[in-house]
Amino acid sequence: MRASAPDLHRSIGLVRATAMVVGIIIGASIFVQPSAVTAQVHSTGGALLVWITAGLLTLVGSLIVAELASAFPRTGGVYVFLSESYSPAIGFLWGWAMFWTMHSGIVAVIAMVFARYVGTFVHITGAGEPLLAIASIAVFSWINYRGVRHGSAVQVVLTSIKVIALVAIIAIACWIGLKHGGSFAATSAVAGTTSLPSTREFGVALIAGLFAFGGWHMVSYAAEETIDPTRTIPRALLVGTLVVTALYVGVNAAYLYVLPLATVATSTRVAADFADVAIGGSGREIMAVLVILSALGAMNGVILAGPRVYLAMANDGLLFRWAGAVHPVYRTPHRAIVLQGAWSSVLVATGTYRALFTRVVYTEWIFFGLLAAALFLLRRRADYAPRYRIWGYPVLPALFVVSTAAIVVNQIIHEPFDSALGLGLVLAGVPVYYAWARQKPLPTRSAHQ
């Protein structure tokens, strides 16, 4: 596989790379998903166990990507890892699903969340929401068009604000405890249920929790714009995942400490409910601001990361060559950024983003399982020499493979129609890949650089 875009500018250090990991993961979902988790497990202990498990599973996935990134420090991240480990066809399917649904859908979903919460302060008509969402996509695409230095700097600022806000939520809960005493929610389990969730309940809750951890792998996409990527990316993944896990567990403990368990389980605005109790009447507005900032931070990170995959695909002849152009002044994949922004805006304008995204997002875990299994194949190759190796090999990668399989099977069992449709959308890329392959020479696998 040929190296991509040698004139990309390396300006992402450890702080900015870590901010990408933390900022992309912490989106608006942490202000919503706690209810989805608690509604399934019906207990404080069960809910916290789900969040800890989701964090640990994400950490293992991050360590797997860290090893692969240290072996193949090239633009494209997961696309490169899958292509190197299996075949360009598998890498193409990842990029195909990313562009049409998974990644562009994430941008569209986040943009709509941003627009709806702006409506807390400004009256917005029905048509105004998608227009505002599209405008936000355009603004952050423009920022990242102008240079990775600009995009990563914005990421640091927005991520810092989000981390401070989440720490404040935890601190407020601690202050309430010290001042007024008390314990976790008048009841530790919803009336009429046991405190231990069933395997099915725990599995469904875990999927909801993992949704809030999405995006941890995206820092690997910009390897050729990262300073010393074989060291920086593994460190950013480790530090970033640990920070997010600690914040998520702490914030959920705060919710469950201040609010009754039944309220957390049924709330559609759990963070706002927390603020209403802990702060008072201005809680709704405060949480709306926090959601807006979190959405913007996540959207900026996703917009920064995604076009690097399309750049790599174009350079490998698996996408239109013009999409692999690097701006002569800004040194960014400017056409890929415009392409991504345009399609995400179409998804917003047509309202199809949610149906596509929710049906396909679970397929990410099929690819994540393949990444973990790839370690067993790559370590037999003489040319495989990662700078970092995952701890606990082969146990941790094997457990991750089993976990991803369980997540996918659980999804298929409980939502067979949507799951089949989503998988079909991904597999629709197979004939497209072979159509490209007949016209262009296939990219060849090479040793890491």
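Taking 4.5 Å as the limit, every side-chain heavy atom of E225 sits out of range of all side-chain heavy atoms of H9. The shortest side-chain heavy-atom distance between L210 and W365 falls under the 4.5 Å cut-off. At a threshold of 4.5 Å between non-hydrogen side-chain atoms, the residues L68 and L375 count as touching. Counting heavy atoms from C-beta on, the side chains of Y433 and L93 never come closer than 4.5 Å. Within the 4.5 Å cutoff, the side chain of R16 has no heavy atoms near those of the I227 side chain. Two residues are said to be in side-chain contact when any heavy atoms from C-beta on lie closer than 4.5 Å; S294 and I30 fail this criterion. Between L425 and L356, the closest side-chain pair of non-hydrogen atoms falls below 4.5 Å. Contact annotation: the side chain of M20 never approaches that of S152 to less than 4.5 Å [non-hydrogen atoms, C-beta and beyond].
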Run the side chain to side chain contact (heavy atoms under 4.5 Å, CB included) check on N410 and L206 step by step: do they pass?
CA-CA 11 Å; N410 186 76; L206 182 60; over 6 Å; no
Please step through side chain to side chain contact (heavy atoms under 4.5 Å, CB included) for the pair V277 and L259, ending with a clear verdict.
CA-CA 8 Å; V277 173; L259 299 173; 3.7 Å; yes
I would like to know whether L158 and L293 meet side chain to side chain contact (heavy atoms under 4.5 Å, CB included); could you show each step before the answer?
CA-CA 7 Å; L158 292 174; L293 292 173; 4.3 Å; yes
Could you walk me through whether N144 and T332 pass the side chain to side chain contact (heavy atoms under 4.5 Å, CB included) check?
CA-CA 8 Å; N144 284 282; T332 57; over 6 Å; no
ring-ring contact (aromatic ring centres under 6.0 Å, His included) for F320 and W436? Distances and angles first, verdict last.
CA-CA 10 Å; F320 299 109; W436 277 99; 5.4 Å; yes
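Atom CG of residue L238 and atom CD1 of residue I233 lie 14.0 Å apart, to the nearest 0.5 angstrom. Distance check: F72 CZ to S83 OG gives 10.5 Å after rounding to the nearest 0.5 Å. Rounding to the nearest 0.5 Å places CD1 of I164 at 11.0 Å from OG1 of T159. Separating the CD1 atom in I303 from the OG atom in S141 is a distance of 4.0 Å, to the nearest 0.5 Å. One distance of note links CE of M112 with CG of L132; it measures 9.0 Å at 0.5 Å rounding. Rounded to the nearest 0.5 angstrom, T75 OG1 and N315 CG are separated by 8.5 Å.
A donor-acceptor pair is defined here as one N or O able to donate and one able to accept, closer than 3.5 Å; such a pair exists between the side chain of T404 and the backbone of V401. A donor-acceptor pair under 3.5 Å links the side-chain atoms of R10 to the main chain of T226, judged by distance alone. Between the side chain of Q155 and the backbone N or O of G297, at least one donor-acceptor pair lies under 3.5 Å. The main-chain N or O of A133 is found under 3.5 Å from a side-chain atom of S136 such that the two form a donor-acceptor pair. At least one donor-acceptor pair under 3.5 Å links the side chain of R308 to the backbone N or O of L304. In this structure a side-chain-to-backbone donor-acceptor pair under 3.5 Å is present from S419 to Q411. Side chain of H42 to main chain of Q40: a donor-acceptor pair is present (N/O by atom type, distance under 3.5 Å, no hydrogens or angles). Not one N or O on the side chain of S35 forms a donor-acceptor pair closer than 3.5 Å with the backbone of A265. With hydrogens and angles ignored, the 3.5 Å screen pairs no side-chain donor or acceptor of T38 with any backbone N or O of A47. Looking only at distances, no side-chain donor or acceptor of S104 sits under 3.5 Å from a matching main-chain atom of W100.
When every heavy atom of I176 is checked against every heavy atom of A278, the shortest pair comes out as CD1-CB, 3.7 Å. Among all heavy-atom pairs drawn from F202 and V41, the shortest one is CA-CG1, 4.5 Å. Scanning both residues, Y434 and A89, for their nearest heavy atoms gives OH-CB, 4.5 Å. In terms of heavy-atom proximity, A208 sits nearest to V37 at CB-CG2, 4.0 Å. Nearest heavy-atom pair, A298 versus K162, reported as atom, atom and distance to 0.1 Å: N-NZ, 3.6 Å. Closest approach of T352 and T350 over heavy atoms only: OG1-OG1, 2.9 Å.
Aromatic ring orientation, F400 versus W216: perpendicular (interplanar angle above 60°, classes split at 30° and 60°).
With sequence neighbours left out, S62 forms a side-chain hydrogen bond (donor to acceptor under 3.5 Å, both in side chains) with T241. Residues satisfying the side-chain hydrogen bond (donor to acceptor under 3.5 Å, both in side chains) test with T53, not counting sequence neighbours, are none. Remark: W96 pairs with no residue by the side-chain hydrogen bond (donor to acceptor under 3.5 Å, both in side chains) rule, at least two apart or across chains. Partners of R335 according to the side-chain hydrogen bond (donor to acceptor under 3.5 Å, both in side chains) rule, which considers only residues two or more places apart in sequence or in another chain, do not exist here.
For residues 217-250, the pairs satisfying ring-ring contact (aromatic ring centres under 6.0 Å, His included) are W51-Y248, W94-H217, F213-Y248, H217-Y221, H217-F368, with sequence neighbours left out. A side-chain hydrogen bond (donor to acceptor under 3.5 Å, both in side chains) check over residues 120-134, counting only residues at least two apart or in different chains, returns the pairs R116-E129.
More than 12 heavy atoms of other residues, nucleotides or ligands sit less than 6.0 Å from atom CZ of F121.
Just one residue in the list W142, Y310, Y145 forms a ring pair (Phe, Tyr, Trp, His ring centres under 6.0 Å) with H334, and that residue is Y145. Each of L347, T101, I110 was checked for a side chain to side chain contact (heavy atoms under 4.5 Å, CB included) with Y353, and the lone residue meeting it is L347.
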